[in-house]
Amino acid sequence: MLLALDLNDARPLHEQVAASIRRAIAEGSYIPGDRLPPARDLAQALGINANTVLRALRDLRDEGLLEFRRGRGVSVAGRADGRALLVARARELLEEARRHGYGRDDLIAMLKELS
């Protein structure tokens with residue numbers, strides 16, 4: 001799993017981690033039943049605290065995407081639906097637009113130009 005965090009992103013790190021894992025599941029990089037790397041390994045690879053990763057994993061468990069099994073770690077329980085993936089990407093796009101000085105209405109106008 002290749003996760004990347006944007007330190008310029010205004011979202012909390014745990015939300016960025018959750019979004020990356022959610023996207024990996026939705027795109028099929030992980031399928032139901034696959035085990036995720038341990039939280040400590042993910043945290044070390046990302047250079048963040050393990051508690052931050054655990055918080056992201058708990059959020060995804062609460063969404064029904066992951067399941068925790070004692071002695072077996074964390075595995076994928078289901079697939080993210082398409083709408084959830086699109087909402088996550090739309091949030092990312094809106095944040096990117098804001099960093100460039102565009103607002104929500106500007107972004108909507110740009111999307112309308114595409115259709």
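Using a 4.5 Å cut-off on side-chain heavy atoms (C-beta onward), Leu42 and Val17 make no contact. Using a 4.5 Å heavy-atom threshold, the side chains of Leu57 and Leu36 count as touching. Proximity of Arg55 to Glu15: side-chain heavy atoms (C-beta onward) are nowhere separated by under 4.5 Å. Within the 4.5 Å cutoff, no side-chain heavy atoms of Asn8 are placed close to those of Glu95. Within the 4.5 Å cutoff, no side-chain heavy atoms of Leu107 are placed close to those of Tyr102. With a 4.5 Å cut-off on side-chain heavy atoms, His14 and Asp59 count as touching. Side-chain atoms of Arg22 and Glu63, non-hydrogen and from C-beta on, do get closer than 4.5 Å to each other. Residues Val74 and Arg35 form no side-chain contact, since every pair of their non-hydrogen atoms from C-beta on lies 4.5 Å or further apart.
The residues Arg98 and Glu96 are annotated as not salt-bridged, no charged nitrogen and carboxylate oxygen being separated by less than 4.0 angstrom.
Remark: side-chain polar atoms of Thr52 are not paired, donor with acceptor, to backbone N or O of Ile48 under 3.5 angstrom. Judged by distance alone, with hydrogens and angles left aside, the side-chain atoms of Glu67 form no donor-acceptor pair with the main-chain N or O of Arg61 at under 3.5 Å. Judged purely by atom type and a 3.5 angstrom limit, Asp34 uses its side chain to pair as donor or acceptor with the backbone of Ile31.
Taken from NE2 in His100 to CG in Asp106, the straight-line distance is 13.0 Å, to the nearest 0.5 Å.
The salt bridge (Lys or Arg N to Asp or Glu O under 4.0 Å) search around Arg91 returns none, not counting sequence neighbours.
Under the 4.5 Å side-chain heavy-atom criterion for grouping Ile, Leu, Val, Met, Phe, Trp and Tyr, Val76 is connected to Phe68 within one hydrophobic cluster.
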